[in-house]
Structure formats: structure tokens, C-alpha cells
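Only a predicted model underlies this, so the values are computations on that prediction, with no experimental measurement involved.
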Amino acid sequence: MPTAAAKLDEPYYCSQQINIPPELPDILKQFTKAAIRTQPKDVLSWSTAYFKAMSKGEIPPVKERLEMPVATQKTDSGLTPGLLNILNKQLGPKLQVTPSDVEERWLDLALPKEQFDDIMRVGGFSGKFQWNRFFALAASVLGDNITEAMKTICEILTNDPVGGPARISFSLFQELYRFLAEVDGEISTQQINDVVLHLQYDVDKQNGYVMPRNFLSPDCPHLS
């Protein structure tokens, strides 16, 4: 049993002596909400990336909303539309990126390194490269064909609200569609041109924008 003298030697604290930074409660509240929305696989690693981004004034690795699993979605890679959206918000403004730029943020989300390596290899990326091209290949991981990849691309890159038409500029659509078709290697130039020509009719009525509804129409030639 400690003696009375020993108790007198112990530090004594009261609420008046503890200085709680006024911004701390809000920081912890926002962090908790972000963690719940994002559901990170590795909370500690993700937390490190979160506070590192916040301290630098960068976009943190946070999903816009809680993402519910989709039965038809490929989930073996760990990548989801919500996580791909995070990567695009962080890296899209740079336009051109380096392998280390992408790898750092990819691993911050606890995504498989081998999946990153596969995308880099398939895309032939090295040195500085266009972020949109990596993004497009990553979108193809989420589906079974180019049509599904282009739908995902539209849904992430659009400025329309969630549940809206998911429009993107036709020039951007063509750029990414032609790139994925080139990587695929089995889609003829004629087929690509048929798709573009068919969609042009809709695009001309939509102020230069295309949406998934256009290329998912039964009348549209198959993208792949």
C-alpha cells in the first residue's frame, strides 16, 4: 500500500490544468466521420495518410459517401469506384504523374501492390505519364469489358450529381475509349469509328457531351 508521502509525490491534475486545443474536437469528429465513410482496410496506415494530407493541405484519402457492395462488381482486387474516385481527386489535377506519385496513394488505400504493378505493365507506364490513362485502365479492373469501364469512367469524371446522367465531354470519352481499345488489341479501327460516328448524333444534341445511356443503347454498336 503506498504511503501518504508517496501519494504527495504523485502528479495531480485537474480540469483547469489540462489545456485542450479548441480545434481538437472538430478534427477528431471529422476524422471519425471520414473513417466511417471510407471503411479503410488498414486503419492505422490510412490514418497516417489522412493526417499527412491534412497537414499539407492536400486532398485526404476519403470517400465522398459510404459505399455499399455491389453484387456484380469485381471486388477481388480491393479496388472500388469509391476508392478510384479518391485517387482521381488526388491525382487528376496533376494531369501527368510519376509511378511513385500513384504508388504512394495506391498503397495509402491498402490496395494490392501486384494490381498496381499489373496496371503499370499493361499500360507501359514509366517516367511521367498521363494520369487519365492509368485511371482508365484501373476502371477496367472493375468490370468485365470496355463498356463497363467507360460507364465507370463517366460516373466518376462527370460533374453531374450522383444519380444524374453522368455526362462527360465527347473528346475525353474518345480519348479514353481509343486508349482502352488500343490496349485491348482486338478491337478494329472500323469498330471504333462506327461507335464514334453513331454517338456523334447524340452528342450533337447534347452540347458536346456523351453519357452512358447513349452507348448502352441497343442501337449503339458494341464498344468491344
Can you find a pair of side-chain heavy atoms, one from N145 and one from H222, that are under 4.5 Å apart?
->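 They are not in contact (no side-chain heavy atoms under 4.5 Å apart), so the answer is no.
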Is there a side-chain contact between L157 and L176, using heavy atoms and a 4.5 Å cut-off?
->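 Yes; the side chains approach each other to less than 4.5 Å.
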Applying side chain to side chain contact (heavy atoms under 4.5 Å, CB included), run through F51 and I27 and close with a yes or a no.
-> CA-CA 10 Å; F51 284 112; I27 290 174; 4.0 Å; yes
Can you name the salt bridge (Lys or Arg N to Asp or Glu O under 4.0 Å) partners of [X], sequence neighbours left out?
X: R105; result: E58
X: K89; result: E64
X: D160; result: R167
X: R65; result: none

Over all atoms of both residues, closest heavy-atom pair of [X] and [Y]:
X: P81; Y: I156; answer: O-CD1, 3.7 Å
X: P21; Y: P25; answer: O-CD, 3.6 Å
X: P60; Y: M54; answer: CG-SD, 3.9 Å
X: P61; Y: I86; answer: CA-CG2, 3.5 Å
X: A138; Y: L84; answer: CB-CD1, 3.7 Å
X: E67; Y: G82; answer: OE2-N, 2.7 Å

Would you check, one step at a time, whether the test side chain to side chain contact (heavy atoms under 4.5 Å, CB included) holds for Y177 with F170?
-> CA-CA 10 Å; Y177 171 51; F170 193 39; over 6 Å; no
Using side chain to side chain donor-acceptor pair (under 3.5 Å) as the criterion, point out the one residue from Q115, K113, R121 that pairs with D117.
->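 When Q115, K113, R121 are each tested with D117, the side chain to side chain donor-acceptor pair (under 3.5 Å) holds only for K113.
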Treat each ILVMFWY residue as a node, draw an edge where side-chain heavy atoms are under 4.5 Å apart, and state whether M211 and L172 are in one component.
->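 Different hydrophobic clusters.
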Would you say I18 and L24 are hydrophobically clustered, going by side-chain heavy atoms of ILVMFWY under 4.5 Å?
->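 Yes, one cluster joins them.
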Is the backbone N or O of L66 less than 3.5 Å from a side-chain atom of Q39, with the two atoms forming a donor-acceptor pair by type?
->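 No: the side chain of Q39 does not pair with the backbone of L66.
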Ignoring hydrogens and geometry, is there a side-chain-to-backbone donor-acceptor pair from W106 to P112 under 3.5 Å?
->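 Indeed, once roles are kept as given, a pair shorter than 3.5 Å links the two residues.
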I192/I187 under side chain to side chain contact (heavy atoms under 4.5 Å, CB included): CA gap, chis, key distance, verdict = CA-CA 7 Å; I192 296 171; I187 303 174; 3.8 Å; yes
Residues that E155 engages under side-chain hydrogen bond (donor to acceptor under 3.5 Å, both in side chains), provided they are two or more places apart =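 With sequence neighbours excluded, E155 shows a side-chain hydrogen bond (donor to acceptor under 3.5 Å, both in side chains) to K151, given in chain and number order.
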Residues which pass side-chain hydrogen bond (donor to acceptor under 3.5 Å, both in side chains) with E182, listed by chain and number, not counting sequence neighbours |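 For E182 there are no side-chain hydrogen bond (donor to acceptor under 3.5 Å, both in side chains) partners, ignoring immediate neighbours.
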May I ask you to check whether over 12 heavy atoms, not counting those of E23, lie within 6.0 Å of atom CD?
->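 Above 12, so yes.
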Rounded to the nearest 0.5 Å, how far apart are OH of Y209 and CG of N159?
->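 Atom-to-atom, Y209:OH and N159:CG are 7.0 Å apart.
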Which pairs count as side chain to side chain donor-acceptor pair (under 3.5 Å) when at least one residue sits in residues 122-135, sequence neighbours excluded?
->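 For residues 122-135: N88-W131.
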List the steps, then state whether ring pair (Phe, Tyr, Trp, His ring centres under 6.0 Å) holds for F215 with F173.
-> CA-CA 11 Å; F215 57 82; F173 175 91; 5.4 Å; yes
Check the pair F135, T152 against side chain to side chain contact (heavy atoms under 4.5 Å, CB included), reporting the backbone distance first and the verdict last.
-> CA-CA 10 Å; F135 167 80; T152 298; over 6 Å; no
Mind listing the side-chain donor-acceptor pairs of residues 194-205 below 3.5 Å, one per line with the distance, residues two or more places apart or on another chain?
unit_1: D194; atom_1: OD1; unit_2: Q190; atom_2: NE2; d: 2.8
unit_1: Q200; atom_1: NE2; unit_2: D204; atom_2: OD1; d: 2.8

Residue pairs involving residues 137-157 (criterion ring pair (Phe, Tyr, Trp, His ring centres under 6.0 Å); sequence neighbours excluded) =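 Output for this query is empty, none listed.
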Listed pairs under 3.5 Å, donor-acceptor, residues 31-38 side chains, sequence neighbours left out:
unit_1: T32; atom_1: OG1; unit_2: L28; atom_2: O; d: 2.8
unit_1: R37; atom_1: NE; unit_2: K63; atom_2: O; d: 2.9
unit_1: T38; atom_1: OG1; unit_2: A34; atom_2: O; d: 2.8
unit_1: T38; atom_1: OG1; unit_2: K63; atom_2: N; d: 3.1

Anything under 3.5 Å between a donor and an acceptor, one on a side chain of residues 90-104, the other on a protein residue two or more places apart or in another chain? List them.
unit_1: Q90; atom_1: NE2; unit_2: I59; atom_2: O; d: 3.0
unit_1: T98; atom_1: OG1; unit_2: S100; atom_2: OG; d: 3.1
unit_1: T98; atom_1: OG1; unit_2: D101; atom_2: N; d: 3.2
unit_1: T98; atom_1: OG1; unit_2: D101; atom_2: OD1; d: 3.4
unit_1: T98; atom_1: OG1; unit_2: D101; atom_2: OD2; d: 3.0
unit_1: D101; atom_1: OD2; unit_2: T98; atom_2: N; d: 3.0
unit_1: E104; atom_1: OE2; unit_2: K52; atom_2: NZ; d: 3.0

Pairs involving residues 207-222, ordered by first then second residue, that meet salt bridge (charged side-chain N to carboxylate O under 4.0 Å, His left out) (sequence neighbours left out) =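 Salt bridge (charged side-chain N to carboxylate O under 4.0 Å, His left out) check on residues 207-222 returns no pairs.
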